[in-house]
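When a ligand or atom number is given, it counts from 1 through the structure's own listing order.
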Amino acid sequence: VRPPAHCPVVIVGAGPAGLVLARILGLHGIESVVLERRSHDHVLARARAGIVEQPVADLLDELGAGDRLRREGLVHEGVSFRFGERTCRIDFAETVGRHVVVYSQQDIVADLLDLHAAVGTPVVFGAEVTSIDDFEDGPPRVRVLVDGHEAVIGCDLVVCADGTHGVSETALQGRRALLRRIYRRSWLGVLVDAAPAADELLYSRHRDGFALMSMRGAHRTRLYLEVPASTCLDDWSDDRIWTELHRRLDGDGLVLNEGDVLERGLTPLASSIDQRMRYGRLLLVGDAAHVVPPTGAKGLNCAIGDAVVAARAIREFRCRGEEALATYTSMASARIWGAQRFSWQMTTMFHQVDTDPYERELRLRQLEHVTSSAEAMADLARQYTGLDLADRWDA
Ligand code: FAS
Ligand code: PHB
């Protein structure tokens with residue numbers, strides 16, 4: 001697929017945000033093109049998120065990309081927190097009548113790409129956007145390199161769904177209203193060829209650090225260890241990883257099943273938000289606009305929530321022009337700040353984000369508080385299973 005010379009909406013990035021946005025626009029008869037710098041195979045191979053909030057799973061269904069998620073995804077009606085000598089289960093169904101679906105981000109992206117191929121949305125792989133110009137005052141020009149050839153695409157709007165360290169960072173250099181928090185901690189994540197040792201996720205606050213047992217279907221376990229941000233992956237042999245995982249997660253009748261480590265990776269914990277998600281005719285969605293630590297399983301879900309709001313702004317723009325873009329940031333920010341706050345709370349409760357003894361005790365008491373009553377657990381369950389999307393895609 002070659003990029004067109006002009007397209008009403010250019011979307012940079014074929015991640016969840018860009019692909020959901022292209023689908024919603026297509027259903028409203030608005031033409032877009034998705035430009036993705038990586039190959040199709042690379043995009044599908046990237047190990048990322050694994051938890052889909054109920055409202056997001058329902059949205060994917062409505063967009064026609066939910067069949068495999070419903071067939072193969074695991075519906076989870078609770079999650080367990082272990083801290084001190086206690087293991088406490090948060091019952092989503094009992095408290096708020098909701099659930100989450102365990103289904104990988106790679107599979108969501110694969111399902112969306114299949115759908116786009118079936119309906120003919122132009123998704124151009126190996127297309128690196130090298131610059132975005134003229135977006136502040138009028139129709140943007142998007143410069144893209146495809147197979148070594150440079151092309152310029154004229155458009156009415158450009159949406160940067162290019163994740164962290166994408167071209168939007170360069171295009172907006174020095175103008176961004178960024179707030180950020182660095183935790184000096186990372187997650188060492190492994191995908192293991194062994195059945196999960198329990199039916200639901202287990203978040204464990206251990207004196208040696210946080211650990212999480214998740215899963216990818218009934219036969220593969222996804223496991224994470226809190227490590228210092230300075231950690232070098234090469235310093236962690238499989239044996240060392242297993243020793244630490246058993247130390248932090250075994251107990252209360254649970255013993256992890258060992259198996260071949262199929263994938264490993266490091267993800268630094270960071271929070272950031274661009275308080276301006278719109279710059280003239282350039283909109284930011286997903287990780288390009290904000291990042292959260294994965295502890296709250298919000299990154300993927302927030303990115304898809306942005307796409308719904310951006311689609312609304314684009315539809316309004318086509319009727320009312322520039323003024324319609326003015327409300328984009330405020331429409332998106334309530335849900336984004338909800339995810340920021342919840343991710344920060346989950347991260348600080350479980351991780352050794354500081355060495356101050358008072359802070360450490362306070363964070364333990366916070367964990368005790370959120371599991372101390374039915375009301376407190378209902379509040380946590382509501383946030384974990386998903387804040388309502390800010391808008392209806394088809395309204
Ligand atoms: P994405 O980063 O998914 O997609 C951006 C796309 O833009 C990429 O395909 C990139 O190749 C493309 N791109 C960038 N620059 C471009 C250019 N100049 N031209 C063309 N294309 C360009 N979230 C969770 O909830 N749970 C997790 O466990 C979790 N683990 C993660 C692990 C890692 C290593 C990372 C990096 C993130 C993780 N996240 C997790 C967060 C993650 O899921 C993101 O929130 C989600 O991918 C955001 O989706 P998008 O905003 O679409 O950005
Ligand atoms: C995952 O399965 O990758 C996962 C689950 C829960 C989280 C983060 C990641 O909070």
For ligand 2, find each of its N or O atoms that sits under 3.5 Å from a protein N or O atom, and tabulate the pairs with distances to one decimal place.
{"residue": "ligand 2", "atom": "2 (O)", "partner": "Ser214", "partner atom": "OG", "Å": "2.6"}
{"residue": "ligand 2", "atom": "2 (O)", "partner": "Arg216", "partner atom": "NH1", "Å": "2.8"}
{"residue": "ligand 2", "atom": "2 (O)", "partner": "Arg216", "partner atom": "NH2", "Å": "3.4"}
{"residue": "ligand 2", "atom": "3 (O)", "partner": "Arg216", "partner atom": "NH2", "Å": "2.7"}
{"residue": "ligand 2", "atom": "3 (O)", "partner": "Tyr224", "partner atom": "OH", "Å": "2.6"}
{"residue": "ligand 2", "atom": "10 (O)", "partner": "Tyr203", "partner atom": "OH", "Å": "2.7"}
{"residue": "ligand 2", "atom": "10 (O)", "partner": "Pro294", "partner atom": "O", "Å": "2.9"}
{"residue": "ligand 2", "atom": "10 (O)", "partner": "Thr295", "partner atom": "O", "Å": "2.9"}

Taking N or O atoms only and a 3.5 Å limit, does [X] qualify as a polar contact for ligand 1?
X	answer
Val43	no
Val129	yes
Arg37	yes
Arg38	no
Glu36	yes
Asp287	yes
Gly299	yes

Please examine the side chains of [Y] and [X], heavy atoms only from C-beta on, and report whether any two atoms are closer than 4.5 Å.
X	Y	result
Tyr384	Ile51	yes
Leu35	Phe125	no
Val10	Val159	no
Arg98	Glu53	no
Leu283	Met277	no
Val142	Phe135	no

Quick one: nearest non-hydrogen protein atom to [atom], plus distance?
atom	value
atom 14 (C) of ligand 1	Asp162 O, 3.2 Å
atom 38 (C) of ligand 1	Arg48 CD, 3.6 Å
atom 52 (O) of ligand 1	Ala17 N, 3.0 Å
atom 32 (C) of ligand 1	Thr267 OG1, 3.5 Å
atom 53 (O) of ligand 1	Gly163 CA, 3.7 Å
atom 4 (O) of ligand 1	Gly15 CA, 3.6 Å
atom 26 (N) of ligand 1	Ala49 CB, 3.3 Å
atom 5 (C) of ligand 1	Ala161 O, 3.2 Å

For side chain to side chain donor-acceptor pair (under 3.5 Å), just list the numbers for Thr87 and Asp252, CA-CA rounded to whole Å, side-chain angles, deciding distance to a tenth of an Å, and then say yes or no. CA-CA 8 Å; Thr87 300; Asp252 238 356; 2.5 Å; yes

Going by atom types only, do [X] and [Y] share a side-chain donor-acceptor pair under 3.5 Å?
X	Y	answer
Arg341	Gln383	yes
His219	Asp193	no
Ser237	Asp239	no
Thr348	Tyr183	no
Tyr279	Asp274	yes
Arg312	Tyr328	no
Tyr224	Arg222	yes

When you look for heavy atoms under 4.0 Å from ligand 1, do you find them on the side chain of Ala127, its backbone, both, or neither?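 For Ala127, only backbone atoms sit under 4.0 Å from ligand 1.
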
Could you see which bit of Gln105 sits under 4.0 Å from ligand 1, with heavy atoms only: side chain, backbone, both or neither? side chain

Worked verdict on Leu69 versus Asp107 for side-chain contact (heavy atoms from CB on, under 4.5 Å): CA-CA 8 Å; Leu69 179 146; Asp107 287 335; over 6 Å; no

Taking the non-hydrogen atoms of [X], is any one of them nearer than 4.0 angstrom to ligand 1?
X	answer
Ser214	no
Pro16	yes
Arg46	yes
Tyr224	yes

Considering the heavy atoms of [X], write down every atom of ligand 1 situated less than 4.0 Å from one of them.
X	value
Lys298	25 (O)
Gly166	15 (N)
Gly286	51 (O)
Pro294	26 (N), 27 (C), 28 (O), 29 (C)
Gly13	6 (C), 7 (O), 12 (C)
Ala303	48 (C), 49 (O), 51 (O)
Leu35	20 (C), 21 (N)

In terms of heavy-atom contacts, does CZ of Arg184 have more than 12 from other residues, nucleotides or ligands at under 6.0 Å? no

Indicate the ring-plane relationship of Phe210 and Trp187, choosing parallel, tilted or perpendicular according to the 30° and 60° boundaries. parallel

Donor-acceptor contacts under 3.5 Å from residues 21-28 side chains, at least two apart:
{"residue": "Arg23", "atom": "NE", "partner": "Leu63", "partner atom": "O", "Å": "2.7"}
{"residue": "Arg23", "atom": "NH2", "partner": "Leu63", "partner atom": "O", "Å": "3.1"}
{"residue": "His28", "atom": "NE2", "partner": "Arg315", "partner atom": "NH1", "Å": "3.4"}
{"residue": "His28", "atom": "NE2", "partner": "Trp393", "partner atom": "O", "Å": "2.8"}

For His206 and Glu226: C-alpha separation, side-chain torsions, deciding distance, then whether side chain to side chain donor-acceptor pair (under 3.5 Å) applies. CA-CA 10 Å; His206 186 274; Glu226 172 190 356; over 6 Å; no

Restricting to non-hydrogen atoms, name the atom on Val101 and the atom on Gly73 that form the minimum distance, rounded to 0.1 Å.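 So the two residues come closest at CG1-CA, 3.7 Å.
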
